[in-house]
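Beneath this line is the structure, given in C-alpha cells, with notes to follow.
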Amino acid sequence: MTAVQPTAMMSGRYQRAFTIAVVVLVAGWHLVGGGGQLLDYRSAYSSVPFQGAMWLIMALAIAAGSVLVLRGTPGWRSAWALALIALVASTAAAAASPAGQMLAVNWSWGSAGWIGVLVLLRRRFAELAWFLAAEAAAILTVQVWDGLDRIDLAAFLALLAWSTGAQVAVAAGVRALDAAAGQAAAAARSEDAARERAATAEIIRVARHARWLALQESAVPLVAELAAGTADPGDPGVRIRCAIQAARLRRLLAEGDDVLGSLVHELHASADVAERRGVAIEIETAGPLPSVPGPARRVITDAAIAILTAARSRARITLAAVAAGIAVSFVADTGTVVVLPAAGDGVAIEQQEDDGMLWAEARWNSR
Amino acid sequence: MEQQVTVAIIEDHPVVTEGVASWIRSDPDQRVRLVQTARDLSGLRGLPRPSADVVILDLELAGELVTAQIPDLVAAGYRVVAFSGHTDPLIVMETLDNGAHAYVSKDEGADHLVEAVLAAAADRPYVTRSQARAILADQRPARPELSQQERQALLLWFQGMSKASVGRRMSISENTVRQYISRARAKYAATGRTAPSKDALLARAIEDGVIKPGEIMPYQSFARAATDHPNLGAPGQ
C-alpha cells in the first residue's frame, strides 16, 4: 500500500490516546470526586438512595459515552442524549439536596460537566460551551429556588470558575493536541513522499548511467564500423542493429529529468531485457499518469513481459491517461496472439492481431 | 496528372537535409519537388511571393527553437510542416497553435513526412502519432472538446495501430477513422491564435465534410449571425 497509511494511523493513534486519557479522567472524577463527596455528606441528604440512583445513572452515562467515543466521534443524537441525561440527573440530585447547603454538598455539577466534555469532545466547541452554560444555569436555578444570598452567589461563581474552567481547559487541550498530531502526521507524510521521490530519482539516475555505459559498448562500436565501412547499411542485420541502438538512444534522450512513476520504470526494465535480445523498443506516455497500485502494476508488467518475449524485432509501448485510469498498450510483431495473464486487480486486458502485428491493451481503472 | 508540390527544407544538419531529400526522391509518383534547401530562415524573408508551397522546418536551428518564427512564415504564404527531434507535447501544441499544418517527429519522418507535406499543400489535416499524443495529453483549459469516438481513434492511433486496425478495433471503416482524427485536428485549428493556415485548414475540412461549421466554436457565432441576418450567410446558400 502507499506511504499515507502509517502516518494517518500515527495521527489516529495519538488521538485515541488523548481520548483514553479523557475517559480515565472523567470516570475517575465521577468515582472519586463525585462518589467521595456523596459518601462524605451522606448524613446531609434527605434521601441517600435517590442521590445514589442519580450517581448510578450518571455512571452508566459515562460508560455508554466512553464506548461511543472510543469507537469514533459520536453523532449529535447519541452525544446530546447522554449529555441531557447527565443534565437532568445532576439537576435532580441538586434539587433533592438540603436547601441551605446545596452548593456545599452537591456532587453532581462537576460530574455532569465532565460527561459533557467526554461526549462532546470532538464536536464543535460551541456545543460544549452551550452544554456547560445550560448545566450552570440549571444549578443556579436550583439555588435561586432555594434562596440566593451574596455568600451563595460567591460560592456559585467560585465553583463555576473552578469546575467549568478545568473542563474547558481539558477540552481545549485535547483539541490543540489533535491539531498537533495531525500536523506531525502531515509533515511525516510529505517527508515520506520526498524520500520516496529522491529514492526513485536515484534509481533512475543509476539505471540511466548504466544504460549510458552500455551505449558506449554497443552504439559506439557500431558507429565506428559504419564510419570505417566494415558494416554495410544495406545489410538487414546491420539495419536491425542500428534500429535497436537508435531506440535505446532515443529512450535515453527522452527520459529527461522528471521522476518517472514506478509503472513506467518497471516497463523500462522489461524493455531492457527484450532489447538485449535484439528487439527495438519505443516507450511513450501521454498525459499526467495516475499512480497504479502494486497488484495492478504486476498484472500489467506480466502482460508486458509476455508480449515483449514474443516480439520478433520491434515493439511500441504506450501509457496514456484515460478517464479514471490508465491505458497501457503494446504493439509488437509477435506474428500471433499471445497468452496473456488473467485480468484482475482492476486491470482489463484485450488483444487483437492483424497481419502479424499484435495490439494489446491493459486498462487499469481506479473505480 | 496533378502538379508537383514544391517544398523547401530548412534544416541546419546537412545529413538530415540529405535524408529528407532521399525520402522525397524515393516517392514512386514523384509528387513532391524539392526547390530549395537552407540552414536558416533568412533566405525565405523578403521575397515577393513564397518560393515553395510547403516548408519543412526543423524546429531547432543552430541550437535555438524557432517555433516563434512560424507565424511570420505562415503570414508570408508558406505552409509549414514541422520536422523535429522534440516530442514534448507542449512544443507540439505551440507549433500547431502558431499555424504549422503538421508535426512530424524525426522518428516518424520516413513513414510520414512526404504524406504530411502533400496533405499540407492541400490544406488537409495530417495527424502523426506525436501529434495524437500531444492532443491526448492536452490539459489546457481552452482545449477543444473532443467526442469519445474522436478520442478513442486518436488513442489507438497513438498506441501504434495502423488506421485499418483502428477501424477493425472500433468496428468502423478506415475512412471513418481518418474522419475522426481529422475532425479532432480541425477542432484545434479553430482554437488559439489566428493564422491564415488554420483558417485554410478549417475551410478545407468543412468543404471535405470532415467537420460541420456548427461543431467549431468560433464558427458558431457565424452560424448565429447567419440566422439573425439571412443576407450575411455563407456565400452559395
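Lettering follows sequence order; numbering is per chain, from 1.
- Partner of B/Q159 under the side-chain contact (heavy atoms from CB on, under 4.5 Å) criterion, out of A/E361, A/E284, A/R316: A/E361 alone.
- When heavy atoms are compared at a cutoff of 4.5 Å, B/Q148 does not approach chain A at all.
- Surrounding CD of B/Q36 are more than 12 heavy atoms belonging to other residues, nucleotides or ligands, all under 6.0 Å away.
- Contacts between A/V322 and chain B at a heavy-atom distance below 4.5 Å involve the side chain alone, from C-beta outward.
- The nearest pair of heavy atoms linking A/Q351 to B/R169 is O-NH1, 4.2 Å.
- The shortest non-hydrogen separation linking A/T318 to B/F158 is CB-CE2, 3.5 Å.
- Under a cut-off of 6.0 angstrom, the local environment of CZ in A/R314 is sparse, with at most 12 non-hydrogen atoms contributed by other residues, nucleotides or ligands.
- Heavy-atom neighbours of B/R33 CZ from other residues, nucleotides or ligands within 6.0 Å: at or below the threshold of 12.
- The nearest pair of heavy atoms linking A/V331 to B/G160 is CG1-O, 3.7 Å.
- More than 12 non-hydrogen atoms from other residues, nucleotides or ligands lie less than 6.0 angstrom from CD of A/Q216.
- Both the backbone and the side chain of B/R168 come within contact range of chain A, with heavy atoms under 4.5 Å apart.
- Annotation: residues 117-139 of chain B contacts chain A through B/R129, B/R133, B/L136, B/A137, B/Q139 [non-hydrogen atoms, separation under 4.5 Å].
- Neither the backbone nor the side chain of A/E353 comes within less than 4.5 Å of any heavy atom of chain B.
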